[in-house]
Amino acid sequence: MGLADQRFNVNLSILFTELPLLERPAAAAAAGFTAVELWWPWVDSPTPEQSELDALKQAIEDAGVQLTGLNFYAGQLPGPDRGALSIPGEESARFHANIDVAADFAESLGCRALNALYGNRVEGVDPAEQDELALENLVLAARAANRIGAILLIETLNKPESPLYPLVTAPAGIEIVDKVNEATGLGNAKFLMDLYHLSMNGEDLPSVIEQYAAKTGHVQIADNPGRGAPGTGSLPLEDLLDQLKKAGYEGWVGLEYKPGDRPSAESFEWLPAAARAAR
C-alpha cells in the first residue's frame, strides 16, 4: 500500500488559483496530474453563457486531463456561502436552474460525480422547512446525476469554519445520503468523506472509515492544522488512505488543500511524480 496505490485528482478551485481559470487544467497537467475536479466556477451565475462553458471544456480537453468531480452551484464559494439548495427563495431557485446545466457540462467531459453542498441555516427560517426543501432539491439533483450515469455527493463540512452549516458530522452526512436514496430509489447518493473537515470536527477518522467507506463516493484531503499539503500538519493521511483502500474504497482522492505562500506547483513535493498520473 502507499501513495502510489491511490488515484489523485487536483481541485482547481483551491489549487492553482494564482492562475486564470482557463490556465489551471494545463498547469495541473504540467505538474504531472491527469485528473482534476472543480467547485462551480461561476459563483455569480448558475447558468453561464454557453461560450464560457465551452471555453472551460476546451481548456480541460486541451490539457489532456479528466474532469472527475464538479460541484453544483453553491453560492459565493469561497466566501460566506456553503451551498444554495436548502435556502428558500432566490438561492434555491438558482440551484434549481443550475441542475441540468451542471449535469450536462459534466456529461460533456465524462465526469461522473456531482457534489451538492447543503447550504447554511438561515436566521428566521424553520430548520425543518430548510430540510424539506433540501430533500426536494437533492432528489432532483440525484435524478439529473443518474441521467448522465453519475453519483450525487453529499459533503460534511466542519463547525469551526462553517458554523451555520448543519452537516458537520459524518453521521449527519450519511443520514442525508440515506434519505435521498430512500426518496429516489436510485441508490446513487454517496458520502463525500473530507478527512480535513472530519478531523476539524474532532471525529475518530479510523472509525469513520470503518463505518462509512462502503457509502463513500469520493474522498478529499488536506492536512490539519492549516488545511495545507500533506506533511504540513499532523494527520496520518497516508495511513488513513491505506485504511480506505483496505476497506474497499477504489475512488478518487481529491487534493483540496491550500498551497501556502508559494506557487501551487511547488506544493506537491510530498507526492512522488510517478504517483500523480491516475491509473
Side-chain angles (χ1 to χ4, degrees), residues 1-41 53-72 102-116 145 148-153 155 188 190-196 213 216-223 227 229-230 237-238 240-242 244-245 248-259 263-279:
M1 305 292 277
L3 297 176
D5 294 307
Q6 308 296 335
R7 290 199 299 160
F8 293 104
N9 65 38
V10 177
N11 189 303
L12 298 181
S13 298
I14 193 169
L15 285 156
F16 295 108
T17 57
E18 66 270 25
L19 299 172
L21 175 64
L22 298 184
E23 295 179 19
R24 296 176 203 169
F33 293 94
T34 56
V36 299
E37 64 182 30
L38 281 163
W39 303 342
W40 185 248
L53 293 161
D54 290 344
L56 180 55
K57 179 176 184 288
Q58 191 67 52
I60 291 170
E61 291 177 336
D62 287 349
V65 293
Q66 174 66 46
L67 182 67
T68 58
L70 178 68
N71 283 19
F72 287 106
D104 289 346
F105 182 73
E107 183 180 33
S108 75
L109 285 161
C111 174
R112 296 290 179 258
L114 290 161
N115 182 27
I148 67 165
I151 59 174
L152 174 71
L153 296 169
E155 183 172 7
N188 70 328
K190 301 287 184 181
F191 182 46
L192 195 166
M193 184 185 291
D194 187 307
L195 297 178
Y196 167 75
T216 297
H218 187 49
V219 171
Q220 291 175 331
I221 63 170
D223 216 331
R227 201 175 185 176
L237 288 168
E238 187 169 354
L240 293 168
L241 293 177
D242 279 350
L244 271 160
K245 272 284 190 182
Y249 179 73
E250 297 289 344
W252 294 96
V253 177
L255 306 183
E256 198 186 48
Y257 61 76
K258 298 176 182 178
S264 296
E266 297 177 11
S267 73
F268 303 113
E269 72 277 358
W270 61 275
L271 184 61
R276 300 177 190 179
R279 288 155 301 285

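Values reported hereafter were calculated over all heavy atoms of this structure, with side chains retained and with hydrogens, waters and symmetry mates removed.
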**OP:** Look at Lys245 together with Glu250 and state whether they make a salt bridge at an N to O cut-off of under 4.0 Å.
**Re:**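 Yes, Lys245 and Glu250 are salt-bridged.
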Original post:
Got a second to check how far Lys258's NZ is from Thr17's OG1, nearest 0.5 Å?
Top reply: 10.5 Å
**OP:** Output the distance between atom OG (Ser267) and atom CD (Glu269), rounded to the nearest 0.5 Å.
**Re:** 7.0 Å
Where [X] and [Y] come nearest, the two heavy atoms and their spacing:
X: Ala4; Y: Ala275; answer: CA-CB, 4.0 Å
X: Leu114; Y: Ala102; answer: CD2-O, 4.2 Å
X: Arg24; Y: Leu15; answer: CD-O, 4.3 Å
X: Ile148; Y: Ala103; answer: CD1-O, 3.4 Å
X: Leu152; Y: Ala145; answer: N-CB, 4.3 Å
X: Glu256; Y: Asp194; answer: OE1-OD2, 3.1 Å

When you measure from the side chain of [X] to the backbone of [Y], do you find a donor-acceptor pair of N or O atoms at a distance under 3.5 Å?
X: Gln66; Y: Leu109; answer: yes
X: Arg7; Y: Ala35; answer: no
X: Thr34; Y: Ala278; answer: yes

**OP:** Applying side-chain contact (heavy atoms from CB on, under 4.5 Å), run through Val36 and Thr68 and close with a yes or a no.
**Re:** CA-CA 6 Å; Val36 299; Thr68 58; over 6 Å; no
Do the side chains of [Y] and [X] get nearer than 4.5 Å, heavy atoms only?
X: Leu255; Y: Glu37; answer: no
X: Asn71; Y: Leu38; answer: no
X: Glu18; Y: Pro263; answer: yes
X: Tyr196; Y: Gln220; answer: no
X: Val219; Y: Trp252; answer: no

**OP:** Return the orientation label for the Phe8 and Trp270 ring planes: parallel under 30°, perpendicular over 60°, tilted otherwise.
**Re:** perpendicular
**OP:** Show your reasoning for whether side-chain contact (heavy atoms from CB on, under 4.5 Å) applies to Met193 and Leu244.
**Re:** CA-CA 10 Å; Met193 184 185 291; Leu244 271 160; 4.1 Å; yes
Subject >> Positive for side chain to side chain contact (heavy atoms under 4.5 Å, CB included) with Leu3, one of Asp242, Val253, Leu271 >> reply: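 So the option named by the test is Leu271.
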Original post:
Given Ile14, which of Leu12, Val10, Asn11 fulfils the side chain to side chain contact (heavy atoms under 4.5 Å, CB included) condition?
Top reply: Asn11
**OP:** Evaluate side-chain contact (heavy atoms from CB on, under 4.5 Å) for Asn115 paired with His218, printing each intermediate quantity in order.
**Re:** CA-CA 9 Å; Asn115 182 27; His218 187 49; over 6 Å; no
Original post:
Given the rule in the side-chain contact (heavy atoms from CB on, under 4.5 Å) test, do Leu240 and Ile221 qualify, once you have shown the distances and angles that lead to the verdict?
Top reply: CA-CA 10 Å; Leu240 293 168; Ile221 63 170; over 6 Å; no
